[in-house]
Amino acid sequence: MDTKHTTLGEFIIDNQKHFKYSSGELSRLINSIRLAAKIVNHEVNKAGLVDILGAAGETNIQGEDQQKLDVYANEVFKSALINREIVCGIASEEEEDFITVQGKYNAHDNKYVVLIDPLDGSSNIDVNVSVGTIFSIYRRTTPLGMPVKKEDFLQKGKEQVAAGYIVYGTSTMLVYTAGYGVNGFTLNPAIGSFYLSHPDMKFPETGNIFSINEGNYAQFSQGVKDYIKYCQAEEDDRPYTFRYIGSMVSDFHRNMIKGGIYIYPASTKAPKGKLRLLYECNPIAFLTEQAGGKATDGFNRIMDIQPTELHERVPIFCGSTKMVEKAELFMKLNKE
Ligand SMILES: O=P(O)(O)OC[C@H]1O[C@](O)(COP(=O)(O)O)[C@@H](O)[C@@H]1O
Ligand SMILES: [Mg+2]
Ligand SMILES: [Mg+2]
């Protein structure tokens, strides 16, 4: 069987036996995301020609200026999920509070909540550098038939039933896991279908790429500074190659293919780091572990962290296991 011609839809059905809940639900979830990804991709590809560049004039709950594409992507993913009668709640980087889905029928009977970063790498939108979307899916914990509650969203990462991202880059790819490995699908824009192009993606156990915003070096802890120095030292297989796109999805995607580590640590300016636990770090951590890598906050497994707030931030060290373990060693040696 030539995998290149396996479509995303076929792949979900072929692998339904692995999904611990009924397949129909997962395929409707992923299909909602697939549809929204194609619509956003269409807009991203012609961003300079349509009124989608620049700031939207609003500030989001993070205190960041929302970009027009943040708002557009948020609306597209919300409506794609709501109109498919599969989710009972949605949380988004661009929404202050979670959304209780009403839907046509009794949406309170729907079993899934979706947490989403509609547009990741917003600072790169206007400069034609690859950006992404990140999603995380849980089964609700509260009883069916009643409106979704905050606790349905504040579950530990290890409870995720599926997670993934879309990278809008030189090609557009959808990469996801439902707990049985990580698979990547490339969009054939001419046909409008995602095809399995990267089956069973695995992090190399080690690598030689490190990704961190060194511009914040002075604000980093001694542990992070020492790890950066270690990466730059002319010893053994080092210095490593420094690569930082500034879109987490794109830096992560490259590192998963080539071997590497992505770090967004705590700093004096951002004592909890910058990236959000629920719709950035947990889904990326699930993918990392499913691809044989490691994802921690420098000390603890990201997916064991008990969330308390929708938009809380955590430091993240994720990628090739040996590289994350080395970074953790420097963190522990310099624990403040
Ligand atoms: O400019 P900085 O501080 O290095 O931050 C870059 C990081 O911030 C992010 O853009 C945050 O995500 P959003 O764009 O979704 O807010 C990450 O994608 C990226 O890795
Ligand atoms: Mg983001
Ligand atoms: Mg975002």
Side-chain angles (χ1 to χ4, degrees), residues 33 36-37 40 43-44 47 52-56 58-78 90-96 114-136 163-169 175 209-220 224 228 242-256 260-285 287-288 295 302 310-319:
I33 289 165
V40 170
E43 217 56 28
V44 167
I52 202 87
L53 294 181
E58 303 286 330
T59 303
N60 66 16
I61 177 73
Q62 333 277 338
E64 294 160 351
D65 292 337
Q66 283 183 315
Q67 302 301 302
K68 286 179 185 164
L69 202 54
D70 285 324
V71 176
Y72 176 79
N74 189 45
E75 290 313 312
V76 170
F77 277 93
K78 276 194 317 186
I90 300 169
S92 163
E93 178 192 359
E94 305 306 333
E95 304 277 346
E96 180 158 355
V114 176
L115 301 98
I116 200 157
D117 175 356
L119 206 287
D120 180 62
S122 305
S123 63
N124 281 326
I125 296 169
D126 291 1
V127 291
N128 202 0
V129 171
S130 74
V131 292
T133 293
I134 312 174
F135 62 90
S136 169
Y165 59 81
I166 297 108
V167 55
Y168 312 100
V175 176
I209 295 172
F210 69 108
S211 311
I212 183 170
N213 185 342
E214 283 196 55
N216 299 331
Y217 183 87
Q219 298 158 21
F220 290 154
V224 175
I228 292 174
F242 173 68
R243 289 281 182 275
Y244 191 69
I245 295 170
S247 297
M248 180 194 203
V249 163
S250 314
D251 282 309
F252 177 82
H253 186 74
R254 181 210 43 246
N255 291 354
M256 181 157 62
I261 183 171
Y262 171 91
I263 305 174
Y264 207 106
S267 66
T268 48
K269 195 176 76 180
K272 292 230 160 169
K274 175 182 182 178
L275 300 174
R276 283 52 59 122
L277 175 59
L278 290 180
Y279 42 79
E280 289 171 319
C281 299
N282 270 336
I284 291 292
L287 290 158
T288 303
I302 292 281
L310 275 184
H311 302 285
E312 69 181 86
R313 302 170 193 260
V314 287
I316 186 163
F317 296 66
C318 63

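All residue numbers in this chain count up from 1 along the given sequence. Both counts, for ligands and for their atoms, begin at 1 and track the order of listing.
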Would Asn124 and Ser247 satisfy side-chain hydrogen bond (donor to acceptor under 3.5 Å, both in side chains), going step by step from the backbone distance to the final call? CA-CA 7 Å; Asn124 281 326; Ser247 297; 2.9 Å; yes
Checking one value in my table: which N/O/S atom of Glu280 lies closest to the Mg ion (ligand 2)? OE2
Are the side chains of Leu287 and Tyr165 in touch, meaning some heavy atoms are under 4.5 Å apart? yes
N, O or S from Ile134 under 2.8 Å to the Mg ion (ligand 3): no
If you measure from CG on Asp65 to OG on Ser123, what distance do you get to the nearest 0.5 Å? 12.5 Å
For the Mg ion (ligand 2): the N/O/S atom of Asp117 at shortest distance: OD2
What orientation do Tyr244 and Tyr262 show, parallel under 30°, tilted 30 to 60°, or perpendicular over 60°? parallel
Is a side-chain donor-acceptor pair under 3.5 Å present for Ser122 with Asp70? yes
Tell me, do Gln67 and Tyr72 make a side-chain contact under 4.5 Å, heavy atoms counted? no
Residues lining ligand 1 [heavy-atom distance under 4.0 Å, listed by chain and residue number]: Glu64, Glu93, Asp117, Leu119, Asp120, Gly121, Ser122, Asn213, Tyr244, Gly246, Ser247, Met248, Tyr262, Tyr264, Lys274, Leu275, Arg276, Glu280
Check whether any side-chain heavy atom of Arg254 sits under 4.5 Å from a side-chain heavy atom of Ile245, and report yes or no. yes
Which is the closest N/O/S atom of Asp120 when seen from the Mg ion (ligand 2)? OD1
Please determine whether Glu93 has a backbone or side-chain N, O or S atom lying under 2.8 Å from the Mg ion (ligand 2). no
Regarding Gln66 and Asn60, is there a side-chain donor-to-acceptor distance under 3.5 Å anywhere? no
